[in-house]
Chemist: 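Can you read through this structure? Questions will come right after.
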Amino acid sequence: MKTLQVELGKRSYPIYIGSDLLNKSDIFKSHIKSKQVIIVSNVIIAPLYLNKILNNLLEYEVQTVILPDGEQFKTLEYVTQIFDKLLTNKFGRDSTLIALGGGVIGDMGGFAAACYQRGIAFLQIPTTLLAQVDSSVGGKTGVNHPLGKNMIGAFYQPQCVIADADVLNTLDNRQLSAGLAEVIKYGLIRDIVFFEWLENNVSKLLDRDKQALAYAIEQSCINKAEIVSEDETETGVRATLNLGHTFGHAIETGIGYGNYLHGEAVAIGTCQAADLSRRLGWLTDVDVNRIIALFKKCNLPTIPPTQLNTNQFLELMAVDKKNVNGKIRLILLNKLGSATLPIEVENELIVQTLENYGKN
Ligand code: NAD
Ligand code: GLY
């Protein structure tokens, strides 16, 4: 087992990465200070892993909330089911919430923990590659609104993250690929050596080679932990983690939550951001083609959906947490392996990307 640390003063916490971690009751017990524990999961993940977690918690008073599966249920309405269960069972402020699932459950569970009685402890048990390399680390929690992705939320850090690579055995190939989109992101924004490693090792990752996956998870978490430790609430460098997300969130919201997987939308959005970076003279054609080729090797989409026209894209991109004074601000690449902070670019250039990228 590897242990990384997210350094945030009093709110610091470990990320445990390894195999067979869901059976390690010591880890659970060392982070649960309460008697009352609520586990939040969904109808797909609970039958696979809930009993393992329950076996670690025999001496606790445990309640479970099993939500429906999918991005379309990442809403305030479904978070309310968690509050209902907590209140019905008279859970106190000293309770602990365990989020067992992918990014959807992690974001919702974390948000419920942030809000219930103004904050209870919570543990992240990420069960998708995307959640293990990104969403479970860093304390961004929240839900979607019909008008914008992740628009309601809070920064709220967990007590620990337990990333057990064994759970990825039950994850389907499409979801594994979606997780790789966020892995590639770290290489693109700040770690060219990792990007090149990914170019050379992507087939091992798709074949689920244990060593390669463990390395990719660890490198991703090292990058994420460093960024979050430096900028917890996204006043600066943390925004670079949003590479491709302004375009990507527009695709998710515009096409309807749950149609494109988050990682798929991010892959397309990153290609659009790379195209725009090329138009600014920061990337070469060769750079852009390397980026597109790596996503394609991961079986990820790289072309935006034709259902969204330029105006629809622009309107959706205008609802983004990075925007200031109603102006779209984007994360772009000033070279391969290095991202800008949020910047405004001429609208005409954004339009050129929206009109031309992926059309020929
Ligand atoms: P997800 O949570 O919907 O999980 C993907 C699918 O895999 C679901 O059907 C789920 O039930 C299933 N699943 C999960 N674990 C499984 C397992 N071990 N075996 C079999 N099936 C399993 O999607 P995701 O890709 O994990 O997360 C996407 C969400 O994360 C989005 O809502 C996105 O906005 C959010 N996100 C948040 C952050 C953050 O910093 N908080 C970062 C990136 C993404
Ligand atoms: N996934 C974006 C962030 O954690 O900031």
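In this text, all values refer to a predicted model and were calculated from it rather than measured experimentally. The analysis underlying the following values was restricted to heavy atoms, covering all of them including side chains, and did not include hydrogens, waters or symmetry mates. This chain uses plain numbering: 1 for the first residue, then up along the sequence.
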Chemist: Can any side-chain N or O of Ser41 pair as donor or acceptor with the backbone N or O of Leu100 at less than 3.5 Å?
Modeler: yes

Chemist: With a 6.0 Å cut-off (strictly less than), is the heavy-atom count around NZ of Lys296, excluding the residue itself, greater than 12?
Modeler: no

Chemist: Ignoring hydrogens and angles, state whether a donor on the side chain of Thr235 or Asp231 is under 3.5 Å from an acceptor on the partner side chain.
Modeler: yes

Chemist: So, does Asn200 use its side chain to make a donor-acceptor pair with the main chain of Glu196 at under 3.5 Å?
Modeler: yes

Chemist: Minimum heavy-atom separation for Met108 and Ile82, please, with both atom names.
Modeler: O-CD1, 4.2 Å

Chemist: Regarding Ser95 and Ser34, do their side chains bring together a donor and an acceptor under 3.5 Å, going by distance alone?
Modeler: no

Chemist: Glu232 and salt bridge (Lys or Arg N to Asp or Glu O under 4.0 Å): which partner among Arg238, Arg11, Lys10?
Modeler: Arg11

Chemist: Determine yes or no for a side-chain-to-main-chain donor-acceptor pair under 3.5 angstrom, with Gln124 supplying the side chain and Gly101 the backbone.
Modeler: no

Chemist: Hey, are Glu218 and Lys2 close enough for a salt bridge, meaning a charged N less than 4.0 Å from a carboxylate O?
Modeler: yes

Chemist: Out of curiosity, Ile189 CD1 to Thr270 OG1, how far, rounded to the nearest 0.5 Å?
Modeler: 10.0 Å

Chemist: Quick one: does Gln36's side chain have a donor or acceptor within less than 3.5 Å of a partner on Gly92's backbone?
Modeler: yes

Chemist: Could you tell me if Gln157 and Tyr13 have a donor-acceptor pair between their side chains, going purely by distance under 3.5 Å?
Modeler: yes

Chemist: Taking side chain to side chain contact (heavy atoms under 4.5 Å, CB included) as the definition, give me every residue that meets it alongside Glu71, ordered by chain and number, with sequence neighbours left out.
Modeler: Lys74, Val104, Asn144, Lys149, Glu252, Tyr257

Chemist: Side chains of Ile38 and Thr64: does their closest heavy-atom pair fall under 4.5 Å?
Modeler: no

Chemist: Looking only at side chains, do Asn242 and Arg329 share a donor and an acceptor under 3.5 Å apart?
Modeler: no

Chemist: Going by side-chain contact (heavy atoms from CB on, under 4.5 Å), Gln307 matches just one of Asn259, Ile251, Ile255. Which one?
Modeler: Ile255

Chemist: Please walk me through it: do Lys29 and Glu59 pass salt bridge (charged side-chain N to carboxylate O under 4.0 Å, His left out)?
Modeler: CA-CA 10 Å; Lys29 287 177 185 156; Glu59 58 267 45; 3.2 Å; yes

Chemist: Test Trp282 against every option in Leu333, Leu332, Leu276 by the side-chain contact (heavy atoms from CB on, under 4.5 Å) rule and name the one that passes.
Modeler: Leu332

Chemist: Should Asp285 and Arg278 be marked as a salt bridge (charged side-chain N to carboxylate O under 4.0 Å, His left out) after you check the CA-CA gap, both sets of side-chain angles, and the distance that decides it?
Modeler: CA-CA 7 Å; Asp285 288 349; Arg278 182 183 60 79; 3.7 Å; yes

Chemist: Using 30° and 60° as the class boundaries, would you call the ring planes of Phe73 and Tyr78 parallel, tilted or perpendicular?
Modeler: perpendicular

Chemist: Asp166 side chain to Ser19 main-chain N or O, any donor-acceptor pair under 3.5 Å?
Modeler: no

Chemist: Count the heavy atoms belonging to other residues, nucleotides or ligands that lie under 6.0 Å from CD of Glu315, then report whether that count exceeds 12.
Modeler: no

Chemist: Do the charged groups of Lys297 and Glu199 touch, with an N to O distance under 4.0 Å?
Modeler: no

Chemist: Do the side-chain N and O atoms of Asn356 and Lys359 include a donor-acceptor pair separated by under 3.5 angstrom?
Modeler: no

Chemist: With no hydrogens and no angle check, do the side chains of Lys322 and Thr246 hold a donor and an acceptor under 3.5 Å apart?
Modeler: yes

Chemist: Report yes or no: does Ser177 contribute a side-chain atom to a donor-acceptor pair with the main-chain N or O of Asn299 at less than 3.5 Å?
Modeler: no

Chemist: Between Arg279 and Thr353, is there a side-chain donor-acceptor contact under 3.5 Å, judged purely by atom types and distance?
Modeler: yes

Chemist: Between Asn334 and Ser338, do the side chains contain a donor N or O and an acceptor N or O under 3.5 Å apart?
Modeler: yes

Chemist: Answer yes if the ring centres of Tyr16 and His31 are under 6.0 angstrom apart, and no otherwise.
Modeler: yes

Chemist: Are any of the side-chain nitrogens in Asp107 or Lys140 under 4.0 Å away from the carboxylate oxygens of its partner?
Modeler: no

Chemist: Is a donor from one side chain sitting under 3.5 angstrom from an acceptor on the other, for Asp287 and Thr284?
Modeler: yes

Chemist: Please verify the inter-ring angle class for His262 with His249; under 30° counts as parallel, over 60° as perpendicular, anything in between as tilted.
Modeler: tilted

Chemist: Distance from Ile217 atom CD1 to Ile222 atom CD1, nearest 0.5 Å?
Modeler: 12.0 Å

Chemist: In terms of heavy-atom contacts, does CD of Glu348 have more than 12 from other residues, nucleotides or ligands at under 6.0 Å?
Modeler: no

Chemist: Out of curiosity, Ile328 CD1 to Met317 CE, how far, rounded to the nearest 0.5 Å?
Modeler: 5.0 Å

Chemist: Looking at Tyr186 and Val133, would you say the former's side chain and the latter's main chain have a donor-acceptor pair under 3.5 Å?
Modeler: yes

